Amino acid sequence: MTEAGTTAGALLGSSPGDSATGNDSATGNDSAGSEAPGSKVIAARVNGSPRDLAHVLEDGDEVEPIGIGSADGRAILRHSTAHVMAQAVQELFPEARLGIGPPVENGFYYDFDVPAPFEPGDLKKIEARMRQIVKQGQRFERRVVTEDEARKELAAEPYKQELIGIKGAPAADSEESVEVGGAELTIYDNLDPKTGDVEWKDLCRGPHLPATRDIPAFKLMRSGGAYWRGSEKNPQLQRIYGTAWESRDEQDKYLKMLEEAERRDHRKLGAELDLFSFPAEIGSGLPVFHPKGGIVRREMEAYSRRRHEEAGYEFVNTPHLTKAELFETSGHLGFYKDGMFPPLEMDGAEYYAKPMNCPMHVLIYRSRGRSYRELPLRLFEFGTVYRYEKSGVVHGLTRARGFTQDDSHIFCTPEQLPGELASLLEFVVGLLRDFGLTDFEAELSTRPPKYVGELEEWAAAEAALKHALDASGLPYVVAEGEGAFYAPKIDVHVKDAIGRRWQLSTLQVDFQEPGRFGIEYQAADGSRQRPYMIHRALFGSIERFFGILLEHYAGAFPPWLAPVQVTGIPIADAHVPYLRKVASRLAEQRIRVEVDDSDDRMQKKIRNAQRQKVPFMLIAGDDDVAAGAVSFRYRDGSQKNGVPAADAVAEIVTAVRDRLQV
RNA sequence: GCCGCCUUAGCUCAGUCGGUCAGAGCGACGCACUCGUAAUGCGUAGGUCAUCGGUUCGAUUCCGAUAGGCGGCUCCA
């Protein structure tokens, strides 16, 4: 039972006063001695709401500790670090006006209105000043203010004034809510620990760390422009991103992960491994695949094709260009024109590069009368589409202007819809698993503000998707208002080898397009009915999926996808003919094998094959030739010597056939 | 599209506060070496310093535009 008048901190055995008074910052909080760095209590949950340790309790309050290393604790730590950064910025750039400064995943940011954008050197200066503030141990102190008081105190901060005006309006989970999300307006003062003077203050909901000294590790990452309140109609502020952690170790781990991500960057690996490029002469966002990338892509497509065949899909082909009329009928030119390349004039007609394949597939459906006996009709195509992505968003293979969808449109009766959706989800996950992905999460996106169709149809489609998700057992979240303009959708996200989430598959129930094109089928009772239509792409885009796999595997594709599966390396030139014989036995089994007969020394050949991330090296010298054997060197550097050639061939063939990673 | 930064040989980069300033490593090519698990040695070729325009006696260097890239924002049907 809690006692009225005491603070949350005192109750939890942590005393915020200690670190703030500067007596001995270790005593109060580290009394347990052997505590892990992440378990230090820096705030409390009182009756379910996060509060400062200095929060005064009422009789009967439920109090739980918030450790600095917990999700809540990190958010508080990062939010406090954002305050320290803003203080440093305003000291160094007195003309800087404050935007918002919330914690975000892995860090925080703060937006500033400054006369000139920050330069890289500025971040260093700001960071240095922040370290002084942290060392000084300023106290965070909460103070409730009236709206009038807040306006007066923050008279010099126009953006804060605006936030005061919308108090309570932002959604509880919006980034603005950290400023004004609570029931009352509060200001946090940063106090000099010795004199108690107010060094800085900010409109803020809190809670905060007891003192700046409680920030164990932080680093400023980068700066860039950001629109005020996220709208391109608003002025652009300068945002500085930073990160903060409960210990130096955790921060180092995070920074290492970022380095690892950089090492895996598919744009870099694509060049190093000679897989693809983006010739400037062709245009931004338009990739070309080189022979080695072409092999990977062909394997991906071949496997997908096989699986689709087995799942009852029929294959179609459609052109890249179409008269405007098709996209007028589909509604794309009304709703999606900005995302399309401008039209070509020809013989007085306007032709567009297609941004989607669906209208063409609908025309195939409509090419003759359809019977209910044909449904579900599953039309599949590797369909290349062109979308006019804004110049600032093009990003390697993951955001291109021309790309190929593994696109399918399924036409079915209303009764068939739930079954189709359920089996589709299973199909998606099964296929992605075969590519070595294991961690999935779905997102159900509902009707957006700008949409076509009737509300009842939307409700029915959303219900069908939700039902399929519930049946699948996939974990999922609902994204309100994130659906396509013509349909709600399920997106399947995957986690890659270093824990990053990528959106891949998309699955949409469309009640609009069948009506727009007036497609029908004849039912068993002889009546004419409108089919339902499901849009779906599993890779999403082949290019994008290629990029994601490349990063997932850090370029070390499993043997079945690897462009070169085996490199033969002779100890000396004399062993080349022998290796060629072994290679031809592999080639007979459709293994992609090369023998390195260059002038390089054997060590150099190994280095080259290693850098090309070839899964198997087969080395042969006098000993091997005499024994009719070869020696393996695997991608991880391990070796297996004197393997009979037939066994070596079998081992490689098995690894490829079973899609093993090695 | 918006803000900032960037573009020197195939790649990674050095360099010029405007005047012998075209440099290195890797790669490519040639010659020698014939080698047991991540770089053999020597030599050769290769760049109108992204493009176009301006300032200047003189521009790779300063300014502007364009293209492409990078990091953010917005967007991602």
Side-chain angles (χ1 to χ4, degrees), chain A residues 109 111 114 116-120 122 221-241 262 265 267-268 271-272 274 277-286 330-332 335-340 355-356 358 385 387-396 398-401 403 405 445 448 450-452 482-487 489 491 503 506 508 510 535 537 540-541 544 569-576 598-612 617-624 631-635 637-642:
Chain A
Y109 67 80
D111 289 342
V114 278
F118 296 109
E119 294 167 18
D122 294 336
M221 305 301 286
R222 53 172 55 99
S223 64
Y227 298 109
W228 168 238
R229 304 194 61 206
S231 168
E232 40 188 338
K233 294 183 189 76
N234 288 339
Q236 195 154 41
L237 308 180
Q238 290 300 314
R239 174 171 297 178
I240 302 179
Y241 281 94
E262 207 173 316
D265 190 316
R267 296 164 299 184
K268 205 175 136 197
E272 281 173 11
D274 196 14
S277 60
F278 292 87
E281 294 84 341
I282 294 176
S284 179
L286 298 168
S330 69
H332 288 98
F335 278 81
Y336 190 60
K337 191 165 189 189
D338 291 347
M340 294 168 66
M356 293 188 184
C358 45
V385 296
R387 301 182 181 183
Y388 188 74
E389 300 292 353
K390 289 195 254 180
S391 61
V393 308
V394 171
H395 182 93
T398 56
R399 196 78 184 276
R401 281 180 170 164
F403 56 92
Q405 298 181 303
S445 299
K450 195 173 155 192
Y451 67 98
V452 289
E482 297 292 313
F485 70 85
Y486 55 83
K489 60 175 182 174
D491 293 322
Q503 187 201 311
T506 179
Q508 307 167 353
D510 186 351
H535 305 244
S541 122
R544 180 179 158 79
I569 297 177
I571 298 291
D573 285 350
H575 311 115
V576 168
S598 69
D599 268 356
D600 290 328
R601 306 179 93 200
M602 175 267 245
Q603 288 87 341
K604 183 61 178 291
K605 292 179 183 183
I606 287 169
R607 178 180 156 87
N608 287 341
Q610 196 79 48
R611 278 156 53 108
Q612 285 299 304
M617 285 176 227
L618 290 185
I619 298 171
D622 290 339
D623 299 347
D624 298 291
S631 295
F632 273 101
R633 181 188 164 100
Y634 299 95
R635 206 155 39 185
S638 64
Q639 45 179 298
K640 190 157 76 181
N641 298 329

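Only this structure's heavy atoms are used, side chains among them; waters, hydrogens and symmetry mates stay out. Numbers restart at 1 for each chain; the letters A, B, ... are given by sequence-line order, proteins then strands. Everything quoted here is computed from the prediction, not taken from an experiment.
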Any strand counts, and the cut-off is 3.5 Å on both contacts for Watson-Crick or G-U wobble. Which nucleotide pairs with [N]?
N: B:G36; answer: none
N: B:G58; answer: none
N: B:C31; answer: B:G41
N: B:G64; answer: B:C52
N: B:C2; answer: B:G72

Which value, in whole Å, describes the distance between the [atom1] atoms of nucleotides [N] and [M]?
N: B:G25; M: B:C6; atom1: C1'; result: 22 Å
N: B:C33; M: B:G43; atom1: C1'; result: 15 Å
N: B:U74; M: B:G27; atom1: P; result: 44 Å
N: B:G58; M: B:G53; atom1: P; result: 15 Å

- Crowding at CD, A:Glu272 (>12 non-hydrogen neighbours, <6.0 Å): yes
- With no angle test and no hydrogens, is the base of B:C76 tied to the side chain of A:Arg399 by a donor-acceptor pair under 3.5 Å? yes
- Task: Go through the N and O atoms of the side chain of A:Gln236 and the base of B:C2, and report whether any donor-acceptor pair is under 3.5 Å.
- Result: yes
- A:Ala484 or A:Gly621: which one's nearest nucleotide on RNA chain B is closer to the 5' end? A:Gly621
- Message: Both A:Arg633 and A:Ser391 contact RNA chain B. Which one's nearest nucleotide lies toward the 5' end?
- Response: A:Ser391
- Item | Inter-residue atom distance A:Leu286.CG - A:Arg401.CZ, 0.5 Å rounding | 7.5 Å
- Query: Side chains of A:Arg544 and A:Gln503: is there a donor and an acceptor less than 3.5 Å apart?
  - Reply: no
- Task: Please work out whether the ring planes of A:His332 and A:Phe485 are parallel, tilted or perpendicular, with thresholds of 30° and 60°.
- Result: perpendicular
- Item | Nearest listed nucleotide, side chain of A:Ser284, among B:G68, B:G71, B:C2 | B:G68
